[in-house]
Amino acid sequence: MKQLLLAVFLLTGTVCFAQSPVEFTTVKHDFGKIKKGVPATYVFHFKNIGTKPVVIEVATAECGCTTPEYPKSPIGKGKTGEIKVTYNAALSGAFTKRVNVKLAGVNDPIVLTIEGVVEDGSHK
C-alpha cells in the first residue's frame with residue numbers, strides 16, 4: 001500500500017512540474033470581421049504564477065503575415081506581461097494564425113491563436 005501511495009505521489013508531482021509557470025487570461029482571440037489592408041492587433045496578457053522569474057526565449061508566428069512582440073527581459077514571480085500579435089490583413093478571407101511561445105526550461109510551447117475574416121472594403 002505504501003508503494004502505491006508513493007507511486008501516486010510521484011506521478012502527481014510529475015504532473016505539477018509539467019504545468020506552465022505562466023497563466024494567460026486567454027490563448028485565443030477572434031477579431032471577427034476586419035478590413036483588408038488594415039493590420040489588426042491583439043494583446044495577450046499573462047501572469048507569472050511560478051516560483052521564479054520566467055524568460056520567453058522566443059515567440060514565433062507560423063507565417064510572415066503575423067508578427068508577435070514579446071518581453072525580452074525576465075518576468076518576475078507574480079508579475080504580469082503581454083505578447084502583442086499583429087496580423088497584416090493583406091488577403092481577403094477567413095484566417096487562423098498561431099504563435100508558439102517558448103519559455104526557458106519548459107519543453108512544450110504555449111500556443112496563442114488569432115482568427116477572423118478579412119473583408120475587401122470594395123463590396124457593400
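Count residues from 1 along the sequence. Excluded from the calculations below are hydrogen atoms, water molecules and symmetry mates; all remaining heavy atoms, backbone and side chain alike, are included.
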- Query: Is there a side-chain contact between Glu115 and Lys28, using heavy atoms and a 4.5 Å cut-off?
  - Reply: yes
- Does the Asn48 side chain pair with the main chain of Ile75, one donor and one acceptor, at a distance under 3.5 Å? yes
- Sub-4.5 Å side-chain heavy-atom contact between Leu103 and Ile56: yes
- So, do Val85 and Tyr42 sit near enough that their side-chain heavy atoms are less than 4.5 Å apart? no
- Between Glu119 and Ser92, what is the shortest heavy-atom contact and its length? C-OG, 4.5 Å
- Residues Glu23, Lys47: salt bridge by 4.0 Å N-O rule: no
- Message: Is the distance between the ring centroids of Tyr87 and Phe95 under 6.0 Å?
- Response: yes
- Within the side chain of Lys102, is there an N or O that forms a donor-acceptor pair under 3.5 Å with the backbone of Val106? yes
- Which of Thr113, Val99, Leu112, Val101 passes side-chain contact (heavy atoms from CB on, under 4.5 Å) with Val27? It is Leu112
- Message: Does Lys97, at its NZ atom, have more than 12 non-hydrogen atoms belonging to other residues, nucleotides or ligands within less than 6.0 Å?
- Response: yes
- Task: Locate the shortest heavy-atom distance separating Pro71 from Glu82; write the atom from each residue and the value.
- Result: CD-O, 3.2 Å
- Item | Glu62 (side chain) donor-acceptor with Arg98 (main chain) under 3.5 angstrom | yes
- Message: So for atom NZ, which belongs to Lys72, do other residues, nucleotides or ligands contribute more than 12 heavy atoms lying within a distance under 6.0 Å?
- Response: yes
- In the single-linkage hydrophobic clustering (I, L, V, M, F, W, Y; side-chain heavy atoms under 4.5 Å), do Val117 and Leu91 co-cluster? no
- Would you say the side chain of Phe44 lies within less than 4.5 Å of the side chain of Ile114, judging by non-hydrogen atoms? yes
- ILVMFWY cluster, Ile49 and Ile83 together (side-chain gap under 4.5 Å): no
- Between Ala59 and Pro68 the two heavy atoms that sit nearest each other are O-CG, 3.3 Å
- Query: Taking the side chain as C-beta and beyond, is there a heavy-atom pair between Ile110 and Ser20 under 4.5 Å?
  - Reply: yes
